[in-house]
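Each remark here refers to the structure printed beneath this line.
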Amino acid sequence: MQTSAPPKPKPLICRWPVMRLVLIALLGEIALATMNLSTMPVYLKFDRHFGESVIGLVIVAFLLTEAVLKGPMGHLADRYGYKKMMLVGPCLSVGTAAVSLLIPHSGGKAWEVLSFVGLRLIDGIGSAMLWPALFLAVGETVSDGERQEGMSLLNLCYMLGIALAFPIGGIVDDLAKAQGAGLVLAGAVFAAVALCVFFFVPGERPSHHVVLEEHGEFKIADLLHSVKQIPTFLLLSVVTFTGIGFPMAIFKIFPQDEFHFSESAIGGLIFPGAILLAALAVPMSKFGERVGRVKAVHYGLAACAGGMWVIAIGAFVPFLRVPWLLALGAMPVGIGFLLAIPAWMASVSDFDPKRRGANIGAIMTSQGIGGIIGAPIGSVLYEKLVPTGMNLGLGAGFAHYMPFVGCAVCVSAGWMLSLKILRAPAPPPIEEFIEMEPAGTLTLTSQPEP
């Protein structure tokens, strides 16, 4: 009598407990990126008339609190449950989006700049609440064997949310003929995120909360414990994301200055790449599972470094300052991160299930520290090296491309560092054992352990 095979499980993305978290992650990142990456730099430059260096300072304020607080917020999500963090964070940003439009214009005086810095600090708190809680929620929703795929879905939401924020925010700004329209949109999406969390996410505490009760409140020692557990991953995060930070504040200003694109045109160029990356997210995750997590990080960072150098060469070769080369370099960057980041996060998640949220928060903190280092440097290079480019006969484009050069250098350093400190597990040891021959004799054989 034959027994029927067990039913094949649904794909991860089609399961409602995962689907609702993916929806929240995607909407949350669209809102965060629309406000802080798509709309804010353009709004501050063309409506508030801030210089690129000041814009970099405002963006760093967001990155600073996000980086510093992701560790503590991951710990709080471990202790009190992820729903509370996922609900409060977006609500904070609903308020900052509205208040940003109400600050009186003063021609860039100190108090106006400080007002935007303060609001972005609050935005950083909101993001620090949301993302570690999302990673923790997905980690507890899926099985151990599905965790890397689950992390890849969140990574997809992060990248796709950033990519979609540029066309969405740009089209809204162009239709409204006002750079601040994107802030209104961001506030509305944050409100939608809060409603989704309230109605769709169960108010459950983490399954291991009894163990965590004895930990008490977050302490610096908790973060130091993560540093001791996952030092190589933290170092890689800082180096690599320093590079990602270089072009962060000027990413949308760059094509307007270099190619005279409208915001809608910028979004239109980004959108097809975003859809392609969405289609490749799960296949790249499965490829990463086949080659192993260490190799996935190696291959992914190598692709990112190669793509960034394709873009960065425009700093030194003026006739290569063309939009199609920018798009050509961007594709391996996106694919590389789709491959590297899920393997990165899944490995961190498996170190200590009882500290999963705290360790993920520490990784995100280190990524934020890298962005804090890179973003202001990239903004200063973009603005201050224009005279140098003119003197060298390379034009203003030399300065405008220098943040991409800095990014390429740091990501390449991260790749080389990964080759040095991240090694694939050694093959299983050869063990000698005794097996019985058919004639009853004993033979000593040597074979790898299964």
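Scope of the values below: all heavy atoms of this structure, side chains included, with no hydrogens, waters or symmetry mates.
- Between Tyr401 and Phe316, the ring centre distance reaches or exceeds 6.0 Å.
- Residue Ala181 comes nearest to Ala176 through the heavy atom pair CB-CB, 3.6 Å, listed as atom of the first residue, atom of the second, then distance.
- Between Cys91 and Phe190 there is no side-chain heavy-atom pair separated by less than 4.5 Å.
- Separating the CD1 atom in Ile372 from the CG atom in Leu63 is a distance of 6.0 Å, to the nearest 0.5 Å.
- Classified by interplanar angle (parallel below 30°, tilted 30° to 60°, perpendicular above 60°), the ring pair His400/Tyr382 is parallel.
- Contact annotation: the side chain of Val18 never approaches that of Val138 to less than 4.5 Å [non-hydrogen atoms, C-beta and beyond].
- Among residues two or more places apart in sequence or in another chain, the side-chain hydrogen bond (donor to acceptor under 3.5 Å, both in side chains) test is passed with Ser418 by none.
- Between Phe246 and Phe241, every side-chain heavy-atom pair lies at or beyond the 4.5 Å cut-off.
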Mind listing the side-chain donor-acceptor pairs of residues 383-397 below 3.5 Å, one per line with the distance, residues two or more places apart or on another chain?
residue: Glu383; atom: OE1; partner: Glu52; partner atom: N; Å: 3.4
residue: Glu383; atom: OE1; partner: Ser53; partner atom: N; Å: 2.8
residue: Glu383; atom: OE1; partner: Ser53; partner atom: OG; Å: 2.6
residue: Asn391; atom: ND2; partner: Pro387; partner atom: O; Å: 3.3

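- Judged by distance alone, with hydrogens and angles left aside, the side-chain atoms of Ser366 form a donor-acceptor pair with the main-chain N or O of Ile363 at under 3.5 Å.
- Here the side chains of Leu121 and Phe62 are not in contact, with every heavy-atom distance at 4.5 Å or above.
- Distance CD1/Ile377 to OG1/Thr242: 7.5 Å, rounded to 0.5 Å.
- For Ile313, the CD1 atom is loosely surrounded, since the number of other residues' heavy atoms within 6.0 Å does not exceed 12.
- Applying the 6.0 Å contact sphere to CZ of Phe50 captures more than 12 heavy atoms from other residues, nucleotides or ligands.
- Side-chain contact, Arg120 with Ser100: a donor N or O sits under 3.5 Å from an acceptor N or O.
- Note that CD1 of Ile253 and NZ of Lys45 are 5.0 Å apart. Values are rounded to the nearest 0.5 Å.
- We find that Glu258 and Arg321 are not joined by a salt bridge, their nearest charged nitrogen and carboxylate oxygen being 4.0 Å or further apart.
- Between Ile168 and Leu185, the closest side-chain pair of non-hydrogen atoms falls below 4.5 Å.
- With rounding to the nearest 0.5 angstrom, the CD1 atom of Ile335 is 6.0 Å from the CG atom of Leu276.
- Nearest heavy-atom pair, Ile59 versus Pro41, reported as atom, atom and distance to 0.1 Å: CD1-CG, 4.3 Å.
- The CD atom of Gln367 sits 9.5 Å away from the CD1 atom of Ile244 when rounded to the nearest 0.5 Å.
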Leu325 vs Val322, side-chain contact (heavy atoms from CB on, under 4.5 Å): CA-CA, chis, key distance, verdict
CA-CA 6 Å; Leu325 195 63; Val322 289; 3.8 Å; yes
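- Remark: side-chain polar atoms of Thr39 are paired, donor with acceptor, to backbone N or O of Thr34 under 3.5 angstrom.
- In this structure, Phe166 and Phe251 have side chains that are in contact, with non-hydrogen atoms separated by less than 4.5 Å.
- Counting only residues at least two apart or on different chains, the side chain to side chain donor-acceptor pair (under 3.5 Å) pairs with a member in residues 304-319 are Trp309-Ser412.
- If you take NZ on Lys252 and CD1 on Ile266, they are separated by 6.0 Å, rounding to the nearest 0.5 Å.
- The distance between the ring centers of Phe135 and Tyr82 does not fall below 6.0 angstrom.
- A donor-acceptor contact closer than 3.5 angstrom links the side chains of Trp131 and Glu29.
- Between Leu339 and Phe287 there is a side-chain heavy-atom pair separated by less than 4.5 Å.
- In this structure, Gln256 and Val42 have side chains that are in contact, with non-hydrogen atoms separated by less than 4.5 Å.
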